[in-house]
Structure formats: C-alpha cells, structure tokens
There are 2 protein chains.
Amino acid sequence: MAGQRTAGTKPGDFCAQCGVRNQAVCAPLDIDELAVVESFRSGVRAVPAGAELFAQGEVNTRVYTLLEGWAMLYETLEDGRRQIMEFCLPGAFLGFQIDPERPIAYTAQAISDIRVCTFPRKGLEELFHEKPDMSFRMACIATREQNFAFQHLTSVGRRTAQERVANLLLELFLRIRLTSPDGAGHAIRLPLTQEHIGDALGLTSVHVNRTLRALREDGILTVRDGVLRIMDADRLVEIAGYDPKVHEPRT
Amino acid sequence: MAGQRTAGTKPGDFCAQCGVRNQAVCAPLDIDELAVVESFRSGVRAVPAGAELFAQGEVNTRVYTLLEGWAMLYETLEDGRRQIMEFCLPGAFLGFQIDPERPIAYTAQAISDIRVCTFPRKGLEELFHEKPDMSFRMACIATREQNFAFQHLTSVGRRTAQERVANLLLELFLRIRLTSPDGAGHAIRLPLTQEHIGDALGLTSVHVNRTLRALREDGILTVRDGVLRIMDADRLVEIAGYDPKVHEPRT
DNA sequence: CGCGATTTTGATCAATGTCAAAGGTGGTGG
DNA sequence: CCACCACCTTTGACATTGATCAAAATCGCG
C-alpha cells in the first residue's frame, strides 16, 4: 500500500505523497503549489501520547495538520473540570486563530502517538493570500467544524447519557470507517478511556461506565481492550438519534 | 447619528452606509468593491419576530447578514427537545454551508423583528473567488464562531446551572455593550424568555427561573420586563468563570 | 511481583427535571 | 372599556438522572 513512497520516508515527508492531503487545508492545491507549501512549512513532528501540541492560555505560534493518530481539544476550568471539544483524526487542521497575539482558549493534546505537519503561524496570512483557494478551503473547514461543534452541543445539552454515548461512539465509528483502509467489519480501534468519553459528553467516567454496561447488556455495542464493536447498528442509530440526511459525513 | 444616511433609507439599503459592515463578511471590501457586492445581493428583507429565515432539513438557497434585531440558531430532536446554538446579533453571517445541496442541520429564527441582507447561495463561491479577502474574512468569522461554540459547549457540559446562566447573561451583556450606541449603564435590553435561556443552556425554563431568583436574591443581577441589569459585576464575572484573556470579545 | 492507571460495582446524595397550578401581562375583539 | 386569551413567570411537591464517595477487581508494564 505504501508502494509509491520512497523507501525510508514516512507519511507527510513529502506533500505530494501526503495521505491526508485531500482532507486537509492543502486539498485545493495542485502539485506545483504544493512545492510552495512544502517550503513554507516547518516540517513534520512526532508527538508522543499525552504530550501537548499547544496549551490553553499560551500564544500559539504554529498551526498543525494532523497526519497520524488521535488528538483532542479541551478546555479546563480553574478547578479542573474539563470539557473535551473534539476528538481529532488525521486531516484535522489545528491551532489556527484569527488574532495570532491572543492566547488560545483550549489545549490540544495527543491521545495516541501522533505525527503532525507544522507551519509557522507567521506568514500564514500571506500564504492564504497567494493561494486564495486555501482561504476558501479554510472557510469550508471552519464552517464544517462549527457544524460539528453544534451537533456536539445538542448532544451535551439535550440528550440523555445513553443517547450521548451512543451518538459519540457512532460518530467515531463512522469517521474512522470513512478514512481507515482496514476492512469493513463492525469494529474499530478506540484509544479512549471512559474518562475521555465522559469529559467529551459532560458526564463522569463512572456514569459512562454504567452506560456502556447497559449498552452492552442490551446487545448494542461493546467497548473492550480499546476496541469498539457494534453489535446492533440499527438500534444504535436509533438511540443515537442519527439522521444521515443532516449529519454530514466527517473525516 | 444617522446624519449621513439619505432621508428615507434604512440601515442596509446601501452597502456604503451599512451599519454592520465592519462586523460582517463585507468588512475587507473597499467602496468600489462594495458596489459589486451590492449588485450581487438579493436585497434587504424584514422578518417579523418568530418567523424563520431557514429551517432544519431544508436545502437553503440563501445566505444572510443580520442587520438589525436578534435571531437564534437551534436544532430540534424528533421529540421536540431543542438546543439553541447561538443568539445572533447584527453583523452575524447566517446560512452558509459548504455543500449547497445538503439540507441544513439547524433552524434560524427571528427572536425580535429583524432586517437581513440577503444573498443567493448560488454564485457565492464565485464572489469569494473574485474577492479572496472575503474568503479569508469568512474563514476568520467561521473560526471565531467555532471558538464561541466551544465556550458554549464547555458551559453546557461542565458548569452548574448558576454558572451557565451567569456566563450567558454576561456574554450577552458584553456583546450588546460592544455594539450598541446607547449609554454605558449596567442594563441592556434582553428580548429572551426564560425558555430561550434554558434551551441555550441545556436547562428547563423552570430551573432557569429558580436560578435567576437565586442570582437576584444574591444581589448579582435582575432580569425584569425584558431588561437585564447587572448589580454586582465582580461577582458575576467570578461566577461566570469569565477570563478576559482568553474570552475574545464578540460582536 | 508490584505499581499506577483504568474499569467496575455499590451506596448514597444532590442537582435538575417533571408535573401542576396559580399569578401576571399585554393584546384583541366585542 | 372590559373580558378573554395566549403566553410567560413563579412557586410547590415530588421524581429522576447522574454525581459523589469509596472500595474492589483488572490490566498493562517495568
């Protein structure tokens, strides 16, 4: 599958062979333009699970495209309560803010070991200016992200614990399915703890645990050893309140 | 204050005199470019309180800039539960989706009587293409909106009822203060019912009522006859968990 | 084997929801 | 001008969801 990669290179080393190019901000660029981007970027960086890409309150001088692995964005309150905004998969564009001087409101942390493509924040405007398609692409991405944040908000604000968990797991299942090359089974790798799930959904980890038990006992799904297995997709879709007409697929 | 408007015209009739131009997508345009936009738009429309600009599930053929009044975006679940995503004030850009064919996931409804500047969705890409600054501006707006959605999500997911209410009312107070020309008092017009507040915060209206009572009894704020009055700003800021360093001002 | 992190379970508690009814309040039409 | 109506606010009694606290079981790993 890595046939056209030069031996010894890893995904992201060359833009032209980038595995997430079509999901990322770079999608509208042609091969020649990629060369410009490639010379602009700072390079590819590996970040171990648990490390932060940037932290709430910092002024952030880089932006990132996630190449491999899972990351998350979260905000913490002074007393330690945490809200995870989003789980990020390859292709995600992270850390962009309008005002580069303003401290960023949330933290980005690697959940698994990840690899990111790094750009200096400085000069981004100019790059977007030279490549207006990237601006438009960027607007599209941000608009989509806003839509996902809206859906997430609806879950947290108005659904029961069971509905929230069902909704999130279904969403993650579909996102992974869309991008990952491996098989068409009813199971995916899910590198999240129950605390991650709780912090994303506004629940405690112990309530997530009980909810997952109920879902398992009802024969709907299981989460075991970091793999999510869907047993009864129809009922899952129903509980999750998932509507394929409005719920836009997501990478 | 309306001195430079032609007698008989209303805000929005001419782009050059548009009161929200500097908050809206049109901000980066100069006078000549405005002429292009002015010929592109469909015109200005008045919409009465309670009417919908577009509805969840429709394919939406127009986008709007809000000129006057309050609107809101919300999603409803099949059984009627409602989540308000956002209260929109003048300058807001509404209804844009990447894929113009896909049904929109949320409803936009006027809270008070409003006036909107209307554009056909068709041709927007071309307009953005001709005016790349508008694309970039659009990306900035969408990114900001995403940030606000994130903050909202944190409130709903992790704050108590009292903190949520305090946070929302403070946010609205500051937003209004930023834009409205009238005085520097500690009160603003707030055309929301307690049900609106509850649906935005993931609470029932009766719990909002009790929470407002507590806030009033503690001498922090009052909401009465559609006006919000701040009595003790310091304590409000504290309860709301408001951090001016990361909480970007918003129009 | 031992340790830290995670999952699981139980017992109890608190925050918020539900249901119901009683006041406003403003608008409308007779 | 009044009566009525729709809508909103307010309050009470009670129900329920999900939180909290605590401890045991399990797991990965050095």
Side-chain angles (χ1 to χ4, degrees), chain A residues 48-50 77 79-84 109 111-113 155-169 189-217 221-229 239, chain B residues 48-51 70 72 77 79-84 109-113 155-169 189-217 221-229 239:
Chain A
L77 306 182
D79 62 1
R81 283 175 290 178
R82 175 173 80 163
Q83 176 66 47
I84 297 177
Q109 192 185 50
I111 292 177
S112 61
D113 292 346
S155 249
V156 173
R158 285 307 187 200
R159 290 199 231 256
T160 66
Q162 209 186 45
E163 293 168 337
R164 286 182 226 182
V165 170
N167 191 280
L168 175 64
L169 294 182
R189 185 94 243 289
L190 189 81
L192 305 179
T193 65
Q194 295 177 0
E195 190 160 11
H196 284 130
I197 297 175
D199 282 349
L201 298 179
L203 300 168
T204 58
S205 60
V206 357
H207 200 65
V208 169
N209 185 282
R210 293 191 233 267
T211 305
L212 286 174
R213 169 150 58 104
L215 254 10
R216 172 169 15 97
E217 285 171 357
L221 56 80
T222 65
V223 179
R224 219 181 171 60
D225 305 322
V227 0
L228 161 65
R229 190 175 306 276
I239 294 174
Chain B
W70 289 56
M72 62 180 168
L77 305 183
D79 62 1
R81 283 175 289 178
R82 175 172 80 162
Q83 175 67 46
I84 297 178
Q109 193 186 49
I111 291 176
S112 60
D113 293 345
S155 249
V156 173
R158 286 307 187 199
R159 290 200 232 256
T160 66
Q162 210 187 43
E163 293 168 335
R164 286 182 227 182
V165 170
N167 191 280
L168 175 65
L169 294 182
R189 184 93 243 290
L190 190 80
L192 304 179
T193 66
Q194 295 178 359
E195 190 161 11
H196 284 130
I197 297 175
D199 282 350
L201 297 179
L203 300 168
T204 58
S205 61
V206 358
H207 199 65
V208 169
N209 185 283
R210 294 191 234 267
T211 304
L212 287 174
R213 169 151 57 104
L215 254 11
R216 170 168 17 95
E217 286 171 356
L221 56 79
T222 65
V223 179
R224 219 182 171 59
D225 305 323
V227 359
L228 161 66
R229 189 175 306 275
I239 294 174

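Lettering of chains follows the sequences in order, A, B, ..., and the numbering in each one begins at 1. Quick caveat: nothing in here was measured; it's all calculated off a predicted structure.
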With sugar-phosphate meaning primed atoms plus P, OP1 and OP2, does [X] contact a base, only sugar-phosphate, or nothing at under 4.0 Å between heavy atoms?
X	result
R213(B)	sugar-phosphate
G202(A)	sugar-phosphate
S205(B)	nothing

Side-chain donor/acceptor of R216(B) to base of dT10(D), under 3.5 Å: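 Counting by modelled atom types and ignoring angles, no donor-acceptor contact under 3.5 Å is found here.
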
Quiz item: R210(B) side-chain donor-acceptor pair to dT18(C) base, under 3.5 Å: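 Per atom types, the contact qualifies.
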
How many whole angstroms separate atom [atom1] of [X] from atom [atom2] of [N]?
X	N	atom1	atom2	answer
L203(B)	dT16(D)	CG	P	20 Å
R81(B)	dT16(C)	CZ	P	18 Å
D199(B)	dG17(C)	CG	P	11 Å
L192(B)	dT9(D)	CG	C1'	15 Å
L201(A)	dT17(D)	CG	P	18 Å
L215(B)	dT10(D)	CG	P	13 Å
L190(A)	dT7(C)	CG	C1'	15 Å
R159(A)	dG17(C)	CZ	P	17 Å

L168(A) CG to I84(A) CD1 distance, which is reported to the nearest 0.5 Å: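 Spacing of CG (L168(A)) from CD1 (I84(A)) equals 9.5 Å.
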
Donor-acceptor pair, side chain of D113(B) and main chain of A49(B), under 3.5 angstrom: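 Yes: the side chain of D113(B) pairs with the backbone of A49(B).
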
Check: Q109(B) side chain, M72(B) main-chain N or O, donor-acceptor pair, under 3.5 Å: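 No; zero donor-acceptor contacts below 3.5 Å.
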
Check this one for me: any side-chain N or O of [X] less than 4.0 Å away from OP1 or OP2 of [N]?
X	N	value
N209(B)	dT9(D)	no
T193(A)	dT6(C)	no
Q194(A)	dA5(C)	no

Heavy-atom neighbours of R229(B) CZ exceed 12 at 6.0 Å: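 It does not: R229(B) CZ has 12 such atoms or fewer within range.
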
Residue mapping more 5' on DNA chain D - nearest nucleotide basis, H207(A) or D225(A):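 Its nucleotide being nearer the 5' end, the pick is H207(A).
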
Of T204(A), V206(A), L212(A), the residue whose pairing with V208(A) passes side chain to side chain contact (heavy atoms under 4.5 Å, CB included):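 Going through T204(A), V206(A), L212(A) one by one, the side chain to side chain contact (heavy atoms under 4.5 Å, CB included) with V208(A) is satisfied by L212(A) alone.
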
